[in-house]
Amino acid sequence: MLTSVLRGLAAASLTVLPVVAPTPAHAAETLPLAEAVTRLPVGAESRDGYDRDAFRHWNTGDDPSDGCSTRNEVLIAEAVERPAIGPRCRLSGGRWRSYYDQIWVTSASGLDIDHMVPLAESWDSGASAWTPQRREAYANDQGAEASLVAVTARSNRSKADQDPAQWMPPAAEVHCRYIAEWVGTKLRWSLTADESEVATLQEAASDCPDQQVNYEPAT
């Protein structure tokens with residue numbers, strides 16, 4: 001009898017315990033662009049020791065079983081009209097909109113996959129201290145839509161490794177989006193910005209009062 005009573009009391013005590021959901025360790029955030037810029041850590045940049053080969057890409061992508069590299073997975077995901085996928089993930093057909101210059105492209109070979117924050121810029125901004133595994137994760141990041149973008153080879157090569165203080169997309173109507181995605185990528189990967197970069201971003205933010213920045217810290 002005593003045992004039954006004790007069990008009943010224990011069960012009752014459990015029913016009054018509050019249910020508390022765990023707080024996500026890496027919660028997504030949405031911020032006004034101007035506020036997001038203020039969250040960027042400011043630091044001097046150094047390209048000492050940079051080697052593009054320090055960032056392994058393109059690897060087998062998010063789905064190693066599909067036979068496609070990260071490059072092709074991004075092309076498939078961003079296609080306005082999906083391409084046909086042949087043996088060894090050979091792409092044919094399809095249609096894309098290169099947002100940097102607002103040009104339609106109908107051949108995968110006419111597109112580059114741009115790292116929103118170029119590899120060299122990421123090195124300058126903190127990636128030089130990362131492990132090879134984290135640099136590979138950065139170079140192949142499909143966890144955020146803005147990290148890798150399919151754009152014309154011409155616009156990508158015009159941008160090269162420049163930050164917004166040095167280069168902006170040819171299409172002026174996408175500047176607010178571009179700045180937001182640049183800032184979001186830097187926040188996602190905890191990358192720094194130098195003083196001239198921050199000044200440019202602050203000026204751009206004042207011209208884009210309604211622009212939001214969406215980002216989720218990378219694991």
Side-chain angles (χ1 to χ4, degrees), residues 26 28 36 50-83 85 89-91 94-105 107-127 130-164 167-171 174-191 193 213-219:
H26 299 279
Y50 172 68
D51 184 347
R52 187 174 176 84
D53 290 339
F55 296 81
R56 180 174 175 250
H57 67 290
W58 304 109
N59 64 17
T60 55
D62 280 357
D63 181 6
S65 68
D66 67 7
C68 297
S69 67
T70 297
R71 170 186 160 81
N72 278 7
E73 287 185 354
V74 173
L75 287 170
I76 294 166
E78 295 193 4
V80 178
E81 295 176 10
R82 186 180 173 90
I85 306 170
C89 202
R90 181 179 178 84
L91 306 183
R95 196 164 179 246
W96 293 263
R97 181 74 165 175
S98 168
Y99 103 74
Y100 288 179
D101 42 16
Q102 297 293 282
I103 290 175
W104 287 101
V105 180
S107 173
S109 63
L111 293 159
D112 283 355
I113 304 303
D114 181 44
H115 293 92
M116 174 54 61
V117 175
L119 301 181
E121 170 71 19
S122 72
W123 180 274
D124 300 350
S125 307
W130 292 351
T131 64
Q133 292 76 20
R134 188 163 180 81
R135 286 196 287 267
E136 180 177 355
Y138 178 83
N140 297 275
D141 180 22
Q142 294 184 66
E145 290 184 5
S147 293
L148 301 171
V149 288
V151 294
T152 58
R154 180 177 181 179
S155 65
N156 183 46
R157 291 164 196 179
S158 171
K159 173 181 173 178
D161 58 8
Q162 300 176 93
D163 70 27
W167 185 90
M168 290 286 285
V174 304
H175 284 186
C176 291
R177 172 185 170 183
Y178 181 77
I179 289 294
E181 292 183 349
W182 178 279
V183 173
T185 302
K186 285 220 158 179
L187 289 173
R188 172 170 169 77
W189 289 92
S190 300
L191 295 170
V213 174
N214 303 299
Y215 77 97
E216 182 175 359
T219 55

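Only this structure's heavy atoms are used, side chains among them; waters, hydrogens and symmetry mates stay out.
- Scanning all heavy atoms of the two residues, the minimum distance from C89 to I76 falls at SG-CD1, 4.3 Å.
- Within 6.0 Å of CD on Q142 lie more than 12 heavy atoms contributed by other residues, nucleotides or ligands.
- Here the side chains of T152 and D112 are not in contact, with every heavy-atom distance at 4.5 Å or above.
- The six-membered or imidazole ring of W167 lies near that of Y100, with a centre-to-centre distance under 6.0 Å.
- Judged purely by atom type and a 3.5 angstrom limit, D51 uses its side chain to pair as donor or acceptor with the backbone of D53.
- Closest approach of K159 and D114 over heavy atoms only: NZ-OD2, 2.7 Å.
- When atom types are taken as modelled, the side chain of R82 and the backbone of A77 share no donor-acceptor pair closer than 3.5 angstrom.
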Checking side-chain contact (heavy atoms from CB on, under 4.5 Å) for the pair W58/I113: CA distance, chi angles, key distance, verdict? CA-CA 10 Å; W58 304 109; I113 304 303; 3.8 Å; yes
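- For the pair S158 (side chain) and R154 (backbone), a donor-acceptor distance under 3.5 Å is absent.
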Does W182 form a side-chain contact (heavy atoms from CB on, under 4.5 Å) with V117? I'd like the steps, not just the answer. CA-CA 6 Å; W182 178 279; V117 175; 4.0 Å; yes
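- The shortest heavy-atom contact between P64 and G61 is CD-O, 4.1 Å.
- The main-chain N or O of Y99 is found under 3.5 Å from a side-chain atom of Q102 such that the two form a donor-acceptor pair.
- With N156 contributing its side chain and V149 its backbone, the two residues share no donor-acceptor pair below 3.5 Å.
- Contact check for Y50 versus D124: no side-chain heavy atoms found under the 4.5 Å cut-off.
- D141 and S147 get closest at one heavy-atom pair: OD2-OG, 2.7 Å.
- Nearest heavy-atom pair, F55 versus H57, reported as atom, atom and distance to 0.1 Å: O-ND1, 2.7 Å.
- With hydrogens and angles disregarded, no donor-acceptor distance shorter than 3.5 Å links the side chain of S125 to the backbone of L191.
- In terms of modelled atom types and a separation under 3.5 Å, the side chain of R135 and the main chain of A54 share a donor-acceptor contact.
- With hydrogens and angles ignored, the 3.5 Å screen pairs a side-chain donor or acceptor of E73 with a backbone N or O of D62.
- Annotation: W123 is not in aromatic contact with Y138 [ring centroid separation under 6.0 Å not met].
- Counting only heavy atoms from C-beta outward, the side chains of Y215 and W189 never approach each other to under 4.5 Å.
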Is there a side-chain contact (heavy atoms from CB on, under 4.5 Å) between R188 and E216? Walk through the geometry before answering. CA-CA 6 Å; R188 172 170 169 77; E216 182 175 359; 4.2 Å; yes
